[in-house]
K.L.:
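Before I ask anything, let me first share the structure, which is written out below as structure tokens.
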2 protein chains.
Amino acid sequence: MPDRLPPLTALRAFDAAARHMSFARAADELNVTPAALSFQIKSLEEHLGQPLFRRLNRAVELTEAGRTLAPGVEDAFQRLTRSWRATRRLHDTTTLSVTAGPAFTAKWMAPRLYEFAQAHPEIDLRFIASLRMMDFDRDEIDVAIRFGHGPDPGLYALPLAFEWLTPVMTPEMARRFPTPESLRKAPLIFDDSLDFLDPPCDWAAWFRAVGIDHAPEHGLRFSQADHAVDAALAGGGIVLGRRALVVKDLHEGRLVAPYGVALSTKAHFRFLCPRGAETRPHIAAFRDWILAEIGKTASVTEGLTIVPAEDVAPK
Amino acid sequence: MPDRLPPLTALRAFDAAARHMSFARAADELNVTPAALSFQIKSLEEHLGQPLFRRLNRAVELTEAGRTLAPGVEDAFQRLTRSWRATRRLHDTTTLSVTAGPAFTAKWMAPRLYEFAQAHPEIDLRFIASLRMMDFDRDEIDVAIRFGHGPDPGLYALPLAFEWLTPVMTPEMARRFPTPESLRKAPLIFDDSLDFLDPPCDWAAWFRAVGIDHAPEHGLRFSQADHAVDAALAGGGIVLGRRALVVKDLHEGRLVAPYGVALSTKAHFRFLCPRGAETRPHIAAFRDWILAEIGKTASVTEGLTIVPAEDVAPK
DNA sequence: ATGTTCGATTAAATAGAGCTTAACTGAACC
DNA sequence: GGTTCAGTTAAGCTCTATTTAATCGAACAT
């Protein structure tokens with residue numbers, strides 16, 4: 001193996017200098033004096049045999065060689081940092097980073113979080129609400145809660161509960177619309193965040209499940225499920241609510257599900273973490289707590305007729 | 001920015017140890033004593049707060065943390081090495097690494113290489129014959145010669161010559177088959193390496209170009225163009241030869257192209273290098289030499305009727 | 001068994017890489 | 001025309017990284 005790497009500290013100095021395009025700021029980032037940094041760069045240039053920076057009056061710019069070297073070095077150090085952080089997180093059982101979509105965060109996690117904090121005061125919970133699928137290492141995430149199905153290679157994936165949708169509304173609203181048939185004239189709320197499901201789980205599908213041929217088009221539309229539920233809570237209409245998002249409101253009487261027919265879907269909320277991480281104590285504790293919380297509300301399914309969405313899929 | 005990277009030398013030691021799964025061999029690779037390496041690993045484990053290796057009787061194995069850290073670190077150091085080498089190559093004008101397909105290597109480069117070596121004794125030419133598209137940085141290649149067209153973002157691409165195909169054969173063979181029509185009964189040789197071209201440039205297309213409806217199927221087949229030409233040179237038959245591959249044999253009388261009709265194609269041999277590299281002196285010298293060599297044989301096209309392959313494409 | 005060998009560890013001593021302080025340069029800004 | 005800013009240079013110091021040499025423990029050969 002021919003020419004070996006130059007001193008690594010020099011490469012790190014170059015990385016910082018190239019990112020900041022300034023020796024002073026790079027020195028600052030690395031907590032050294034500009035003199036030290038200047039020295040490192042010079043040493044690197046000697047190892048290479050040609051300059052990496054062109055020294056201008058009051059600034060520096062990369063030479064051809066510098067431009068060749070910088071991207072790879074930057075990338076390499078980023079990877080080192082990422083791996084190192086991921087490894088440190090392994091035995092850090094004091095903080096737990098969880099990401100979930102905004103709806104699950106607002107309607108499921110937020111109302112229950114303080115209970116987890118009480119049960120596990122030793123765990124610092126950090127919550128990142130985002131729909132974007134994240135990289136566990138890059139984004140320093142321990143656990144993700146995502147709605148979906150399908151295989152996730154390399155991940156530990158635990159379905160949290162059997163999921164279904166049923167019309168939910170305030171009790172007053174339920175008095176005004178006592179039967180499914182009466183919903184034809186009701187103010188329906190549309191939750192566009194479920195559009196991606198196949199077979200579809202929309203109002204038309206639910207009406208087919210109760211034997212009604214009706215494909216409503218008009219009403220309030222929300223791109224986030226929690227906003228749709230909030231609108232229903234405010235008495236603004238009737239929404240096809242996902243179990244996980246409405247179970248607490250049903251339990252506590254703020255919402256009711258009067259018709260006894262729910263659409264089931266293959267997608268569920270799932271607990272995801274890197275394979276193997278599920279045995280780390282704080283992650284296991286969080287998972288067990290979620291499962292226990294879900295167990296508490298298992299009874300809401302009682303008395304419901306469950307119709308699989310695929311049975312009422314459009315031809 | 002929280003926890004910073006540990007000492008980089010320790011990470012490099014870990015990288016080597018994890019790759020070799022042996023402190024002794026890792027120490028050997030880094031040209032240090034096993035003691036030094038042991039020390040580095042220990043220091044890294046202290047920084048991390050937990051062991052990276054499980055020390056067995058006479059071997060080591062990675063712990064969970066070690067397995068988490070190793071792939072990223074390995075990858076990062078590989079990138080560093082790659083970038084560093086690529087940058088070093090920038091001002092190394094003593095060696096030039098060229099890759100080309102086996103046919104171009106055998107039929108174009110090999111017979112001319114010694115002339116280049118004479119003209120540029122200061123340049124050490126390294127030749128890699130392979131059809132596989134290579135990564136300039138990863139494989140430490142300066143120049144690639146490839147047959148094709150289409151855009152190559154980020155690359156400097158220079159078409160080397162207008163390319164065409166015409167039946168070529170030994171002079172004796174030409175006497176036995178004086179006209180295109182007589183080729184119906186001739187021993188045709190098939191060069192399967194051109195199958196990917198669209199529009200096709202096969203025997204059927206050439207026959208259409210001379211107004212003959214004939215789609216031969218049987219004959220010698222070669223997956224590499226140089227073997228097909230070799231077979232023709234040996235008097236084994238008649239092959240549709242690409243200009244670049246047969247021009248030298250035509251020039252020197254070993255082959256003849258008696259029918260005066262050639263099929264042109266949009267694909268040509270191209271000179272490829274990373275954008276910007278074309279100004280480096282030894283690369284420019286090589287490019288200029290290739291262009292000059294091609295210029296020497298420009299006259300072979302004289303007197304040929306060129307028929308674009310797309311004009312005789314099957315409906 | 002038992003001695004040998006191999007791979008890792010430890011301790012003490014040492015070389016030198018990498019850092020800091022401090023003084024200097026040169027262009028740009030006011 | 002002085003001030004400031006960014007980088008450079010030189011001297012000296014600190015502590016990291018390394019070596020040498022001795023130690024340990026298990027495995028292998030005899």
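Protein chains get the first letters and strands the later ones, always in sequence-line order, with residue 1 at the start of each. This is a predicted model, so every value here is computed, not measured.
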K.L.:
Could you work out which one of C:dA22, C:dT9, D:dG7 sits closest to the side chain of B:R55?
P.N.:
C:dT9
K.L.:
Tell me: CD of A:E45 to P of D:dT8, nearest whole Å?
P.N.:
8 Å
K.L.:
Within this structure, what is the CG-to-P distance between B:L8 and D:dC15, rounded to whole angstrom?
P.N.:
19 Å
K.L.:
Whole Å only: how far is the CG atom of A:L37 from the C1' atom of C:dG18?
P.N.:
12 Å
K.L.:
Aromatic contact between A:F116 and A:F286, with the criterion being ring centroids under 6.0 Å apart: yes or no?
P.N.:
yes
K.L.:
What is the distance, rounded to the nearest whole Å, between atom CZ of A:F23 and atom C1' of C:dT20?
P.N.:
18 Å
K.L.:
What's the CG-C1' distance between B:L52 and C:dA8, to the nearest Å?
P.N.:
16 Å
K.L.:
Give, for atom CG of A:L5 and atom CZ of B:R12, the distance between the pair rounded to the nearest 0.5 Å.
P.N.:
7.0 Å
K.L.:
Rounded to whole Å, please give me the gap between CG in B:L30 and C1' in D:dA17.
P.N.:
12 Å
K.L.:
So, A:T63 side chain and A:L52 main chain: donor-acceptor pair closer than 3.5 Å or not?
P.N.:
yes
K.L.:
Quick one: is A:K42 getting a side-chain N or O under 4.0 Å of the D:dT9 phosphate, OP1 or OP2?
P.N.:
yes
K.L.:
Which nucleotide, D:dA17, D:dA21, C:dA8, lies nearest any side-chain atom of B:P7?
P.N.:
D:dA17
K.L.:
Tell me whether the count of non-hydrogen atoms from other residues, nucleotides or ligands lying under 6.0 Å of CZ in B:F39 goes above 12.
P.N.:
no
K.L.:
Using a heavy-atom cut-off of under 4.0 Å over every strand shown, decide if B:N31 touches base, sugar-phosphate, or nothing.
P.N.:
sugar-phosphate
K.L.:
Using the side-chain heavy atoms of A:S38, tell me which of these nucleotides is nearest: D:dT9, D:dA17, C:dT10.
P.N.:
D:dT9
K.L.:
Which part of the nucleic acid, if any, lies within contact of B:S43, taking any heavy atom under 4.0 Å across all strands shown: a base, the sugar-phosphate backbone alone, or nothing?
P.N.:
nothing
K.L.:
C:dC19, D:dT18, D:dT8: which one has an atom nearest the side-chain heavy atoms of A:A36?
P.N.:
C:dC19
K.L.:
Would a distance-only check, ignoring hydrogens and angles, find a side-chain to backbone donor-acceptor pair under 3.5 Å from B:D139 to B:D135?
P.N.:
yes
K.L.:
Would you mind telling me which of D:dT18, C:dA22, D:dA21 lies closest to the side-chain atoms of B:Q40?
P.N.:
D:dT18
K.L.:
Taking CD from B:E46 and P from C:dT10, how many angstroms apart are they, rounded to a whole number?
P.N.:
10 Å
K.L.:
Looking at every strand, decide which applies to B:F39 at a 4.0 Å heavy-atom threshold: base, sugar-phosphate, or nothing.
P.N.:
base
K.L.:
Among D:dA17, C:dC19, D:dT20, which nucleotide sits nearest the side chain of B:T33?
P.N.:
D:dT20
K.L.:
Can you identify which nucleotide, out of D:dT8, C:dT10, C:dC19, has its nearest atom closest to the A:V32 side chain?
P.N.:
C:dC19
K.L.:
Separation of B:L62 atom CG from C:dA8 atom P, in whole Å?
P.N.:
13 Å
